[in-house]
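Before any comments, here is the structure.
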Amino acid sequence: MIPAAFDYHAPESLSDALALLDQHGEDAKVLAGGMSLLPMLKIRLAQVGHLVDIGRIPGLEYAKEEGGFLKIGAATKEAALERSDLIRSKYPILLDTAAVIADPLVRNRATVGGNLAHGDPANDHPATMLALGASVVVRGPKGERAIPVDQFFRGLFTTALASNEILTEIRIPVPPARSGGAYLKLERKVGDFATAGAAAQVTLGAGGAIEKAGIGLTNAGPTPIKAVEAEKFLAGKRPDDQTLQEAGRLAARAASPSPDRRGAADYKREMARVLTVRALKAAIRRAGGPS
Amino acid sequence: MAPKTTAEVGGMGHAIKRKEDPRFIRGQGRYVDDITLPGMLYLDIVRSPYAHAKIKAIRTEQALKVPGVLAVITGETLAQYNLHWMPTLMSDTQMVLPTEKVMYQAQEVAGVIATSRYAAADGVDAVEVDYEPLPVVVDPFKALEPGAPVLRTDKKDKKDNRIFHWEVGDRAGTDRAFTEADVKVTQHIYLPRIHVASIETCGCVADFDRVRGKLTVYMTTQAPHAIRTVVALVAGHVGLSEEKIRIVSPDIGGGFGGKVPVYPGYVIAIAASVVTGHPVKWIEDRMENLQADSFARDYHIRAELAAKKDGTMTALRIKTVADHGYADAAANPSKFPAGLFSICTGSYGFKNAFAEVDGVYTNKPPGGIAYRCSFRVTEAVHTIERMADVLAQELKLDPADLRLKNFIPPEKFPYRSALGWEYDSGNYAGALKKAMEKIGYAQLRKEQAEKRKRGELMGIGISSFTEIVGAGPSKQFDILGIKMFDSCEIRVHPTGKATARFGTKSQGQGHETTYAQIVAEELGIPAAHVEVEEGDTDTAPYGLGTYASRSTPTAGAAGAMAARKIREKAKKIAAHLLEVGEEDLVWELGKFSVTGAPQKSKTIQEIAFAAYTNHPQGMEAGLEAVSYYDPPNLTFPFGSYICVVDIDRGTGEVKIRRFVAVDDCGNIINPMIVDGQIHGGLTMGMAPALLEEISYDENGNIQGGSFMDYLLPTAVETPKWETDKTVTPSPHHPLGAKGVGESATVGAPPAIVNAVVDALAHLGVRHIDIPITPEKVWRILKEKGVAE
């Protein structure tokens, strides 16, 4: 488990990092927490000429509310998210998510930005960010641009990031009153990728009906999946059991999981359904709705 | 039972803290990979991507161009010294490096020697091997079919893939009992391949001193002395002589049987050191460890149980196909190819039993028994404890009642089993009743009935196992003809402190503590003043090593016997010092005193000093003794475990709500260490029941060859274990002790399976093969129409 040789760069500013990426093009790879990239290098599943470590660049680790958004610095560690008072009190769905990523040792190093930028549908944050309607901010030679998360994931390990761009921030619209969210993950053991995972974010109207719902699925296809049909179906409906079950069925229909050691495709699809229903119930409870 | 010694002396029964822990907790342990010698080179290994393929060419030019790479060793290199094949303990042979074909995925193909680990890894990447794939045989039943490709083409007369056919018991009598039985139940049970996955992988530093002609190997081995003899026998023809071989097992990070075999990596490292004159280090990575090292189980079992209508068990009949991989390389020192599988009659008084096992070659790594269990006992216990529940279900009897009805009663011990073992002691009903009381069995059954009405799934499972450990009596065991005694040498120093050396080797069992307690118990020298040493063949007396829960039954007994020899000499010295006859002396905790005049006494410390300063004329100086203990019988620990599970109807997940373990390992040396052994063993028993499995696809590609898919439980998956004990001493062991290291690994899986099946029994479920994954359970729930 020794990687092939590579050059290691540790720039101390974003502009230096961007210059290195621009210089080395496809032969360079951004190293954040390294919790996915390093194992791939060590078992020689991937080889790169240059690693650009963004860990020494100041100003990329934060979680704060500003201008109607929750802004999370891309290099924020999962462990920091777990400890953040803001996240713990106002964004339990993010706490749910961070707390089931790998194990505590990994979470001490793994970053929120890396979890998204790796483009792995088995990662947990993508589903949550899809449910929350987040955007990612990226910087490149031509400056900054924001990409809605539902346009970010292009394929297995492929995102809208260009090889000379760096993801710098995640922006989540601050949810209105009577909102709640939850993330549920079925895993074979702690530290495993999800057999299935479902994130649900709901906002309830004054009358108790669902005003808006966001649903994201983990490891249910080649990219993280936004269960659009289920989201549309729920809008304006009262959250009774029948409705939630139907939403679960619609969400599962959006899933196209591949069979692997975690289970056959039909099992995984069913688990997407079961977890979606359970996540919706938890989200509604947290939004102050009937439990 | 209260300890006989004071807390200060710390003899048997005291829960003293482990003497080895300060160095482990502080990161001051010294493992093989911590050893660095001047001029040391590194070995890394090229492995086969194919499960069965002809090797057409191995091209090393590119590898030799990698800076730092010094040599590439192939089968052809070793063949020059006739070291490309080696014998196994089971009278079979296995390759060190292939010259013609590879037989399993991840098999060693070549060794790269380099000046750093990094260069060696780059060299491995640069070795080019041309393979011609051959038909792969992964299914042992297909391997036995006529016309199946014969795998061991190296054996000239071999016309099929059968390794052995072995049977035990009275076939005719058993058949007759089945004919006459009121009730018969049959069940197929598959126990998959699993791997011990010890925290430290295997490795060695081989150091051949060309000037002295001496080979020192620092090695992850559970049996250093046996390894020394094996090396002398295998490599004698190239000049390695046993007195010039030193095997050192430093601190070992878990063995569980996986560090008994001789792996090709060790041999390549030794050969490389002899050839280069440099020390050579080889350390496996995790994936190599999982993919190529010795495994356990892979038993396809068909079991039948006959009984009377009232539930009295009358006969047991078992037919098994054992998948051994491409060689029979099980580290099984018993004289039986299926090890101690014949303990399958378990805790029950069968009059008739018969078992047969066919060993089969397939394109998988060799091995067979390494998983914290003494040679197929887990397979045996799983079978009988599952069958007890299958029978109870068939007869609509409570599984606890069925067991209580059929247990061998305490007054029948020593008990001769239908398959030939002499059980030393037991009180099975005592253990089960204690477990039932502790867990509240009757109340749980009520709760289950109520939950079933509400559609909730809850199950209760029992396992009342009998273990067989302490290999072993020379009539049943040997390694290359060497009897399976174990040894202890005690030296009491002038100041009354002692050094005790043993032929075993702790890999986490806590020998430095428990052996010191045995010496303390027998001599009254505080355990804190007894330094225990193991693992260096230059200093320790010859022994067969630590596995199969044998250390306490054999070396522990040797410790007591050596201490008693010392006491005999000490008595003579005390008589001399006190100027009385030996017959006037009585021994009490740490001193001899004069009968009727207890104020006249000499402590062991005073006697020790006198042994060097004032011993009787005609007596040799010193106070030391050595004992080689060949046990008269095995020991038979037992216990009853009860597990309660809840099943999630949506996901199929099984949650262990409670698990009560009542163990009986005879007299206890250190209750805290026993508890630790049970806790670890239960976790390692739960693991294959719910999580662990190594399987192969039809091309022989390993599934579960990394920790991504080989699911080792962590603290998160582990329930709270509730332990308790009964004490039924072994009548033949000098301390009344039995082994305990493997009881829980053996006993736990069927308790868990029985609980899950019990939760689903009302739906018509009778058996589930392990590992019981959420998906397996969910498929049953779906089929039965009760999935959420």
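Labels below follow one simple rule: chain letters A, B, ... track the order of the sequence lines, proteins then strands, and each chain is numbered from 1.
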message: I'd like to know whether CZ of A:R253 has more than 12 heavy-atom contacts from other residues, nucleotides or ligands below 6.0 angstrom.
response: no
query: Any idea which heavy atoms bring B:K782 and A:D266 closest together, and the distance?
result: NZ-OD2, 4.1 Å
field: Side chains of B:T773 and A:R261, donor plus acceptor under 3.5 Å
entry: no
task: Under 4.5 Å, counting heavy-atom pairs only, tell me which of B:E653, B:Q703, B:E717 racks up the most with chain A.
output: B:E717
Atom group of A:M271 that falls short of 4.5 Å from chain B, counting heavy atoms: side chain
query: Under 6.0 Å from the OH atom of B:Y118, do we count more than 12 heavy atoms belonging to anything else shown?
result: no
query: Does any heavy atom of chain B fall under 4.5 Å from the side chain of A:A196, the backbone, both, or neither of them?
result: neither
query: Could you go step by step and tell me if A:K189 and B:V716 meet the side-chain contact (heavy atoms from CB on, under 4.5 Å) rule?
result: CA-CA 8 Å; A:K189 60 167 276 195; B:V716 177; over 6 Å; no
query: Just how far is it from atom CD1 of A:I2 to atom CZ of B:R117, taken to the nearest 0.5 Å?
result: 6.5 Å
field: Minimal non-hydrogen separation, A:V274 against B:G650, with atom names
entry: CG2-O, 3.8 Å
statement: Nearest heavy-atom approach of B:E788 to A:R273 is O-NH2, 2.9 Å
message: Under 4.5 Å from any heavy atom of chain B, what part of A:D103 do you find: side chain, backbone, both or neither?
response: neither
message: I'd like to know whether CG of A:L45 has more than 12 heavy-atom contacts from other residues, nucleotides or ligands below 6.0 angstrom.
response: yes
- prompt: Is the NZ atom of B:K784 crowded by more than 12 outside heavy atoms at less than 6.0 Å?
  reply: yes
task: Looking only at non-hydrogen atoms, find the nearest pair between B:E775 and A:G263 and report the distance.
output: OE1-CA, 3.0 Å
- request: Look up atom CZ in A:R188 and atom CE in B:M708, then write down how far apart they are to the nearest 0.5 Å.
  value: 8.5 Å
Where A:P3 and B:D122 come nearest, the two heavy atoms and their spacing: O-OD1, 4.5 Å
statement: Whatever's closer than 4.5 Å to a heavy atom in chain A on B:L690 counts as neither
task: Determine, for A:K42 against B:D285, whether the closest basic-nitrogen to carboxylate-oxygen distance falls under 4.0 angstrom.
output: no
query: Salt-bridged, B:R779 to A:E270, with N to O below 4.0 Å?
result: no
task: Check for a donor-acceptor pair, side chain of A:Y267 on one end and backbone N or O of B:K776 on the other, with a separation under 3.5 Å.
output: no
- prompt: Contact part of B:L711 toward chain A, heavy-atom cut-off under 4.5 Å: side chain, backbone, both or neither?
  reply: both
